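What you are looking at is a predicted structure, and each value in this text was computed from that prediction instead of being measured.
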Amino acid sequence: MEKHHVKPMISEKDVNRRIQELGEQISKDYAGKTIRLICVLKGGSFFMCELAKRISCDVTLDFMSVSSYGGDTKSSGVVKIVKDLDESIKGKDVLVVEDIVDSGRTLSYLLSMLNDRQPASLKLCTLLDKPERRVVDVKVDYTGFEIPDAFVVGYGLDYDQIYRNLPFIGEVVFD
């Protein structure tokens with residue numbers, strides 16, 4: 001691992017405030033419905049748990065694991081399903097919960113695959129969005145923060161599996 005340090009970008013307080021706001025908006029949008037949250041592992045787990053606690057309508061959870069990075073800091077563009085859903089989403093209101101939308105390749109593939117499974121609705125919620133890195137158009141329905149093209153960690157995001165547990169979003173700066 002290259003020599004580096006982590007520079008704070010978004011404070012824990014700001015992350016918590018924004019997740020509260022997202023939870024309130026999602027609760028309004030899905031009022032009276034049961035929403036199936038699908039977490040994209042591993043990074044999305046921290047965000048999904050905090051978001052679920054702030055949604056007032058009925059929530060069920062499921063998990064998928066897809067890979068497009070390997071050990072690198074940039075998406076390889078090769079998408080591999082490592083763990084599929086445990087339950088059918090046919091006829092369900094589905095919200096995919098992701099830690100970050102970067103190139104859009106992984107999410108485009110995943111959303112297309114999930115849409116083929118005939119959910120009643122399918123939307124995307126991400127904690128972080130890097131629109132300037134987008135190479136595939138992906139509609140993000142709920143965004144926590146739009147960020148510049150920086151390599152970020154914390155709140156589930158990692159650098160070679162470390163820093164996921166940071167309670168804030170930080171930028172990895174290579175020395």
Side-chain angles (χ1 to χ4, degrees), residues 10-69 79-131 134 136-147 152-158 163-169:
I10 305 169
S11 72
E12 179 178 8
K13 182 179 176 185
D14 287 344
V15 170
N16 286 328
R17 178 191 48 77
R18 186 65 185 127
I19 294 173
Q20 178 65 38
E21 293 168 357
L22 288 169
E24 289 170 4
Q25 185 61 54
I26 291 165
S27 297
K28 287 178 192 166
D29 294 350
Y30 288 89
K33 297 180 178 181
T34 297
I35 181 174
R36 169 80 45 94
L37 300 182
I38 295 178
C39 175
V40 182
L41 294 171
K42 298 177 186 172
S45 59
F46 287 75
F47 177 44
M48 186 173 83
C49 289
E50 292 302 315
L51 181 64
K53 291 190 294 187
R54 292 164 172 89
I55 295 174
S56 59
C57 54
D58 292 337
V59 169
T60 63
L61 309 177
D62 208 340
F63 300 86
M64 288 191 86
S65 182
V66 296
S67 174
S68 68
Y69 281 82
V79 179
K80 173 175 90 169
I81 294 183
V82 180
K83 183 214 173 295
D84 206 341
L85 297 174
D86 292 331
E87 297 180 18
S88 170
I89 59 170
K90 186 172 184 173
K92 308 285 184 192
D93 289 301
V94 173
L95 182 62
V96 174
V97 179
E98 181 62 289
D99 53 359
I100 190 166
V101 179
D102 195 314
S103 70
R105 287 185 188 106
T106 304
L107 267 298
S108 176
Y109 175 83
L110 179 63
L111 291 170
S112 176
M113 184 192 70
L114 292 174
N115 197 49
D116 289 346
R117 297 180 185 188
Q118 304 173 326
S121 68
L122 179 62
K123 291 188 176 183
L124 173 62
C125 179
T126 187
L127 179 59
L128 302 173
D129 188 8
K130 282 193 209 177
R134 202 83 81 244
V136 177
D137 191 37
V138 174
K139 181 179 188 281
V140 181
D141 301 283
Y142 304 97
T143 301
F145 299 93
E146 199 171 286
I147 62 169
V152 292
V153 294
Y155 229 91
L157 293 146
D158 72 293
Y163 302 124
R164 288 188 194 279
N165 60 321
L166 294 177
F168 61 90
I169 304 299

When you measure from the side chain of N115 to the backbone of L111, do you find a donor-acceptor pair of N or O atoms at a distance under 3.5 Å? no
C57 and K33 have their tightest heavy-atom pair at CB-O, 3.6 Å
Other residues, nucleotides, ligands: >12 heavy atoms within 6.0 Å of K130 NZ: yes
Evaluation steps, side-chain contact (heavy atoms from CB on, under 4.5 Å), between L95 and I26: CA-CA 9 Å; L95 182 62; I26 291 165; 3.7 Å; yes
Keeping S45 on the side-chain end and K42 on the backbone end, is there a donor-acceptor pair under 3.5 Å? yes
Could you pull out the closest heavy-atom pair between D129 and V101, with the gap in Å? OD1-O, 3.5 Å
Side chain S11, main chain D14, donor-acceptor under 3.5 Å: yes
Rounded to the nearest 0.5 Å, what separation is found between the CZ atom of F168 and the OH atom of Y155? 12.5 Å
Let me see the working for F47 and I19 under side-chain contact (heavy atoms from CB on, under 4.5 Å), right down to the final yes or no. CA-CA 8 Å; F47 177 44; I19 294 173; 3.7 Å; yes
Any chance you could lay out the side-chain contact (heavy atoms from CB on, under 4.5 Å) test for R36 and V59, step after step, and finish with the verdict? CA-CA 6 Å; R36 169 80 45 94; V59 169; over 6 Å; no
Do E12 and V15 have side-chain heavy atoms sitting under 4.5 Å apart? no
Would you confirm whether R18, through its side chain, and G144, through its main-chain N or O, come within 3.5 Å as a donor-acceptor pair? yes
Do C125 and L51 have side chains that get closer than 4.5 Å, going by heavy atoms? yes
Please report the interatomic distance CG(D62) to OG(S88), rounded to the nearest 0.5 Å. 10.0 Å
What one should report as the nearest heavy-atom pair of F63 and M48 is CE2-CE, 3.5 Å
Charged N to carboxylate O below 4.0 Å: is that the case for E21 and R17? yes
May I have the step-by-step check of side-chain contact (heavy atoms from CB on, under 4.5 Å) for D158 and V153, ending in yes or no? CA-CA 5 Å; D158 72 293; V153 294; 5.7 Å; no
Whether the side chain of D141 engages the backbone of L124 through a donor-acceptor N/O pair (distance < 3.5 Å, no angle test) should be reported. yes
R164 side chain to G156 backbone, donor-acceptor under 3.5 Å: yes
Does a side-chain heavy-atom distance below 4.5 Å link T60 with L37? no
Using a 4.5 Å cut-off on heavy atoms from C-beta on, say whether the side chain of V40 contacts that of L110. yes
Measure the spacing between OG1 of T106 and CD of E98 and express it to the nearest 0.5 Å. 7.5 Å
Distance col, row L22:CG vs E50:CD, nearest 0.5 angstrom, shows 12.5 Å
V138 and G104 have their tightest heavy-atom pair at CG2-O, 3.4 Å
Within 6.0 Å of CG in D86, more than 12 heavy atoms from elsewhere: yes
With no hydrogens and no angle check, just 3.5 Å: does a side-chain donor-acceptor pair link D58 and Y30? no
Tightest non-hydrogen contact, residues D93 and A120, listed as OD1-CB, 3.8 Å
With no hydrogens and no angle check, is any side-chain donor or acceptor of S27 less than 3.5 Å from a backbone partner on S56? yes
Can you tell me how far apart CG (L128) and OG1 (T143) are? Round to the nearest 0.5 Å. 9.5 Å
N16 and Q20: side-chain donor and acceptor closer than 3.5 Å? no
Here the gap from L107 atom CG to D102 atom CG, rounded to the nearest 0.5 Å, amounts to 10.0 Å
In the structure I gave you, are the side-chain heavy atoms of M64 and L41 within less than 4.5 Å of one another anywhere? no
As a test of understanding, state which of L127, I147, I100 forms a side chain to side chain contact (heavy atoms under 4.5 Å, CB included) with I169. L127
Would you check if the side chain of S112 reaches a backbone N or O of S108 as a donor-acceptor pair within less than 3.5 Å? no
Looking only at heavy atoms, what is the nearest atom pair of C39 and G44, with distance? SG-C, 3.3 Å
